[in-house]
Structure formats: structure tokens, C-alpha cells
Amino acid sequence: MNVVTRFAPSPTGYLHIGGARTALFNWLFARHHGGTYLLRIEDTDKARSTDAAVAAIHEGLGWLGLGGDQPAVSQSAQSHRHAEVAGHLIANGAAYKCYLTDAELQEIREACKASGAALRSPWRDRSPDEAPDRPFTVRMKMPTDGSTTIDDAVQGRVTVQNKVLDDMVILRGDGSPTYMLAVVVDDHDMGITHVIRGDDHLNNAFRQYMVYQGMGWPVPIFAHIPLIHGNDGAKLSKRHGALGVDAYRDMGFLPEAMVNYLLRLGWSHGDTELISREQAIAWFSLDNVGKSPARFDLEKLRGINAHYLQNSDDDSLYALLASHITSDTAASSGPVSDMAKTRILQLLPLLKERAKTHLEILPQLRYLLYDGAPKIDDEAAALLTETAKSYLLQLAANLTGKSWQKDDLNHAIQEFLAENGLKMRDIGLPLRAAVTGLKQTPSIVDIMAVLGEAETIGRLRAACK
């Protein structure tokens with residue numbers, strides 16, 4: 001089989017993480033089988049669909065590397081085709097024109113609610129000759145007996161009794177198609193072989209099955225993935241972190257980490273947590289998708305992101321950091337200088353060692369961007385007591401003219417401490433405060449080695465005036 005999958009979001013808001021995971025599973029399944037992954041924008045709800053949402057979906061998918069293999073299809077552009085299929089369904093006896101007024105429909109709905117019966121319009125059995133001269137909807141003529149079974153690739157064999165299926169509307173009174181019709185027609189016309197989506201669509205599958213059957217079309221393989229819940233087991237909401245993909249990008253998460261985390265939300269390969277994209281393509285199977293809802297854990301995402309951050313290429317990470325530095329007027333008044341770039345690149349292996357996101361590194365760059373005394377924050381300033389300043393001035397004098405290689409510098413500081421009966425704890429924090437303006441940084445000796453003798457001595461003297 002030539003596998004063809006699709007991701008079909010509605011452009012009524014941002015690309016949320018549940019949608020991103022659905023896109024990922026479709027992308028991986030197609031890649032694993034050497035197939036095709038397509039994108040369809042389901043914009044038939046004109047009242048809620050926006051160009052901004054369409055742009056956000058494309059941007060989010062692009063960031064994750066999940067763009068379609070072909071240009072995206074707009075569902076609304078196929079409305080003439082949807083209406084054409086509705087006509088075929090009527091001709092095949094699988095659908096009918098329904099002339100119920102709003103009042104009549106409401107009365108039938110209330111009766112069905114009271115009895116528990118599925119909605120059946122009296123027009124399903126009436127002759128077209130009785131049709132009044134007024135607008136009509138088109139409804140599917142659902143079977144009234146028997147059952148329908150779907151062999152779902154995730155949920156297993158699922159059966160419903162046909163008598164519970166309403167005669168659903170597939171064409172509205174204004175001639176526009178409903179989602180239930182449009183999705184089937186589009187999936188058929190796009191050659192979709194596997195419909196991989198959230199299990200909130202499982203009930204829809206039985207209704208959509210009737211459209212396939214009515215047209216005599218092959219039914220794709222359905223795979224309904226359990227939804228994502230919060231850490232407390234409740235349905236995922238904004239309080240759990242159910243934000244747009246763009247929000248996670250702006251929070252400092254790397255796309256590789258986001259993809260890895262989304263992959264493990266409901267899919268597993270043994271106990272392996274850290275999985276590259278290449279491994280994911282090789283290993284991905286619907287057999288390994290769980291049947292229980294996955295739980296979103298922001299701290300776990302941060303932990304995975306830390307792994308990818310620490311193993312990231314320094315040049316690529318620098319480029320990412322630089323894009324924030326130049327736009328942050330509090331940290332920089334212009335592009336990063338070559339001198340600052342060299343300093344940052346030298347310290348990046350240490351700077352990223354303890355960070356969970358690249359945004360956590362940004363405050364550490366302030367003392368590397370410029371020459372001259374850094375701005376000293378309040379916590380650091382409190383460390384610069386008169387006694388501490390006296391020691392630092394002595395240290396500055398002692399280090400002047402010494403070798404500024406890291407090992408030599410470290411040895412010289414240890415000699416100074418021994419000669420004065422001090423421990424590193426006596427001057428370590430004040431030294432860091434004077435040189436960087438911060439209380440916490442990577443190894444101060446590493447920083448001093450990167451800054452150089454003149455810059456370090458100048459900063460020490462300026463801070464100890």
C-alpha cells in the first residue's frame with residue numbers, strides 16, 4: 001500500500017499541542033512507510049476561521065519540521081465537489097432531501113431526546129413529488145437495524161448499533177457542506193489511506209463510514225489516538241500548559257525537544273525517553289500507541305529540552321541567542337560585537353550545562369557583551385563588603401602580569417589564598433559579583449580567562465572603589 005496520511009486542523013485558533021502531536025504521528029507514519037504526508041486546512045466554518053490562525057498553523061508546523069509534502073489544500077475551495085457528492089448520495093438512495101421547518105425539527109428533536117431514539121426525518125420515506133417550494137437540507141439515510149464495526153488501528157474492534165445513528169445533515173439549507181461530508185470527500189479525493197486523529201472523533205467515524213459506503217468508496221484505516229490530559233488526569237486546559245506551539249517556542253523550548261516530548265505522549269519504544277527524529281521514523285508504529293490518555297508534564301518537557309540544549313551545536317545555539325540579544329534593548333543597544341561573540345562561544349559549553357532553556361542563558365550574557373564595569377545587581381552588591389573589597393584589590397594586584405591561561409590563573413589564585421590564610425569561599429562570591437555583576441555564574445576562573453587580564457583587573461578595581 002502506498003501510505004498517505006493527512007493533518008487537517010481547523011483554523012479557528014493557534015496550533016495547540018494536541019494538534020501538533022496528531023501532525024507528528026501522521027508525519028512519522030508516512031515517513032516510516034515511505035509514503036506521503038498531506039496538510040488540509042478545514043476552513044468550512046467561515047464565521048470562526050481566520051487568516052491569522054492559518055498563518056499560525058503553518059508557522060507552528062514549520063517550526064516543528066512538520067510541513068506537508070505538498071501545498072496545503074483548503075477545504076472551503078472544494079465546496080462544489082462536496083455538493084456534487086451529496087447529489088450522488090441522493091441518487092444512490094443513501095441520502096435524501098429534508099424539508100423540515102425549524103419548528104418541526106425542534107419538535108422531532110425533543111421527542112427523540114425523550115425516547116432515546118435516533119433522529120429520523122419523515123422526509124426520508126416521502127416522495128420527491130411531495131416536496132414544498134422551500135429550502136431543504138440533505139441528510140444521510142442511516143440504516144435502522146444491524147451494526148457497524150470499525151477495526152481501529154489503535155482502539156481495536158469497535159462496534160455500534162446502527163439504530164443509534166442520527167440521519168445527519170451533510171448539506172445545509174444554504175447549500176454548504178457540513179464537516180461530516182466534507183472530510184470524507186476530501187479524504188477520498190486526496191487518496192488518504194490512514195486517518196490518524198484524536199479519539200474524540202471516534203463516534204464521527206461510524207457516521208462518516210456511511211458516506212463511504214453510500215458512495216461505494218474504500219474506507220481508510222482509522223486510528224484514533226487518546227487525548228492528552230493534564231498531570232492531574234483532568235482534560236488538558238490552559239492551566240495545565242495547553243498553549244499554542246508558538247508559546248512553547250517563545251518560552252525557549254527547542255523544536256527537537258518538543259518533537260521528542262510529543263512523540264512520547266501516548267507512544268513508546270520500551271523505556272527509551274530520548275529519541276532522535278531518525279530513530280522515531282525507524283521505530284514508529286501504530287501498534288505502540290497507548291489506549292489511555294497521555295499526561296502532559298511541563299517539567300518533563302523542560303528536562304528533555306535541557307538534554308537537547310546541552311547537546312546542541314554551539315554555533316547554532318549562539319545564533320539563537322543572538323537573535324534575542326539584538327532585540328533586547330535592556331541587554332544590548334545593537335548587534336553583538338565580534339569580541340562578545342568570541343566570549344560567548346568560549347563559555348557556551350559551561351553556560352548551557354545547567355540551563356533548561358536557552359532563555360535561561362540570556363541573563364548570563366550581560367557581562368560578556370561589553371567592556372567595562374558590569375551593572376551589579378542587588379544580590380551581588382550585598383557580597384561586596386569592605387573586607388571583601390580589600391581582598392579583591394589585593395588579588396587584583398597579585399594577578400597583574402601573571403599568566404592568564406586558565407590553569408595558571410587558577411594556580412595563582414590558590415597561591416594568593418594560601419599566602420593570606422584564606423579559603424575560596426572567602427573571596428569566591430565577591431569575586432564573581434565584581435567581575436560579572438551576578439551572584440551565580442559558571443566557574444569564575446573560566447570567565448576571567450575568557451575576559452582577559454586587562455578587562456578582569458579593570459572590573460575588580462572599578463567594583464572595589
Side-chain angles (χ1 to χ4, degrees), residues 318 321 324-325 328-334 336-356 358-465:
Y318 169 78
L321 291 167
H324 289 280
I325 297 168
D328 185 352
T329 54
S332 173
S333 58
V336 179
S337 68
D338 290 341
M339 172 271 295
K341 178 179 179 180
T342 299
R343 290 173 176 174
I344 293 170
L345 283 171
Q346 286 179 307
L347 279 177
L348 261 187
L350 292 176
L351 291 169
K352 65 186 182 182
E353 203 169 68
R354 297 181 182 179
K356 295 291 183 68
H358 66 273
L359 296 184
E360 293 177 10
I361 296 175
L362 284 174
Q364 293 283 340
L365 303 184
R366 188 177 66 191
Y367 57 83
L368 300 173
L369 293 174
Y370 311 104
D371 284 336
K375 178 182 178 182
I376 300 176
D377 67 23
D378 292 342
E379 281 191 336
L383 300 169
L384 293 171
T385 64
E386 291 306 314
T387 299
K389 288 180 180 181
S390 174
Y391 288 145
L392 292 180
L393 286 175
Q394 293 178 53
L395 177 65
N398 186 275
L399 294 179
T400 301
K402 296 285 179 69
S403 168
W404 216 255
Q405 295 299 313
K406 177 184 171 182
D407 290 343
D408 295 336
L409 190 57
N410 203 27
H411 181 70
I413 293 174
Q414 292 302 320
E415 280 190 339
F416 170 80
L417 294 174
E419 290 170 1
N420 290 274
L422 300 172
K423 300 292 184 182
M424 190 61 183
R425 63 174 176 268
D426 297 318
I427 67 164
L429 288 176
L431 176 60
R432 179 175 281 110
V435 174
T436 69
L438 301 173
K439 184 178 180 179
Q440 294 183 332
T441 68
S443 162
I444 185 58
V445 177
D446 285 279
I447 294 171
M448 292 167 65
V450 166
L451 290 174
E453 178 184 350
E455 181 65 18
T456 302
I457 300 299
R459 293 186 180 195
L460 285 173
R461 288 172 175 164
C464 297
K465 287 180 179 178

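What you see is a predicted model, and the numbers here were worked out from it, not measured in a lab.
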Results of side-chain contact (heavy atoms from CB on, under 4.5 Å) for Ala412 - residues two or more places apart only: Leu399
Partners meeting side-chain contact (heavy atoms from CB on, under 4.5 Å) with Ala373 (sequence neighbours left out): Ala462
Close side-chain approach of Gln346 to Thr342, heavy-atom, < 4.5 Å: yes
Nearest heavy atoms of Leu362 and Ile325, plus distance in Å: CD2-CG1, 4.0 Å
For Thr400, side-chain contact (heavy atoms from CB on, under 4.5 Å) partners two or more places apart: Glu453, Ile457, Arg461
Gln414 side, atom CD; Leu422 side, atom CG - distance, nearest 0.5 Å: 11.0 Å
Between NZ on residue Lys402 and CG on residue Leu409, distance to nearest 0.5 Å: 9.5 Å
Note, Pro442 side chain near Leu351 side chain (heavy atom, < 4.5 Å): yes
Under 3.5 Å donor-acceptor, Gln364 side chain and Gln440 backbone: yes
Please tabulate, for the side chains in residues 376-390, all donor-acceptor contacts under 3.5 angstrom to protein atoms that are two or more places apart in sequence or on a different chain.
{"from": "Asp377", "atom 1": "OD1", "to": "Glu379", "atom 2": "N", "distance (Å)": "3.4"}
{"from": "Asp377", "atom 1": "OD1", "to": "Ala380", "atom 2": "N", "distance (Å)": "2.9"}
{"from": "Thr385", "atom 1": "OG1", "to": "Ala388", "atom 2": "N", "distance (Å)": "3.1"}
{"from": "Ser390", "atom 1": "OG", "to": "Gln394", "atom 2": "NE2", "distance (Å)": "3.4"}

Approximate separation, where rounding is to 0.5 Å, of Glu353 CD and Ile361 CD1: 11.0 Å
Minimum side-chain heavy-atom gap Thr456-Ile447 below 4.5 Å: no
Heavy-atom pair of closest approach, residues Leu438 and Pro363: CD1-O, 3.8 Å
Distance-minimising heavy-atom pair for Tyr367 and Leu451: O-CD2, 4.0 Å
Heavy-atom pair with the smallest gap, counting every atom of Asp371 and Arg343: OD1-NH2, 2.5 Å
Residues which pass side-chain contact (heavy atoms from CB on, under 4.5 Å) with Lys423, listed by chain and number, not counting sequence neighbours: Arg425, Asp426
Contacts of Tyr391 that satisfy side chain to side chain donor-acceptor pair (under 3.5 Å) - sequence neighbours left out: none
Separation between OG1 of Thr441 and CG of Leu350, rounded to the nearest 0.5 Å: 9.5 Å
Shortest non-hydrogen contact between Val435 and Arg459, atoms and distance: O-NH1, 2.8 Å
Exceeds 12 heavy-atom contacts within 6.0 angstrom, atom CD of Glu415: yes
From CA spacing to verdict: side chain to side chain contact (heavy atoms under 4.5 Å, CB included), Leu395, Leu417: CA-CA 9 Å; Leu395 177 65; Leu417 294 174; over 6 Å; no
Contact check, side chains of Pro374 and Arg366, non-hydrogen atoms, under 4.5 Å: no
Atom of Trp404, atom of Gly452 and distance for their closest heavy-atom approach: NE1-C, 3.2 Å
Interatomic spacing from CG in Leu321 to CG in Leu359 - rounded to 0.5 Å: 8.5 Å
CD1 on Ile444 to CD1 on Ile413, rounded to 0.5 Å: 8.5 Å
Side-chain heavy-atom pair Leu431, Leu392 within 4.5 angstrom cut-off: yes
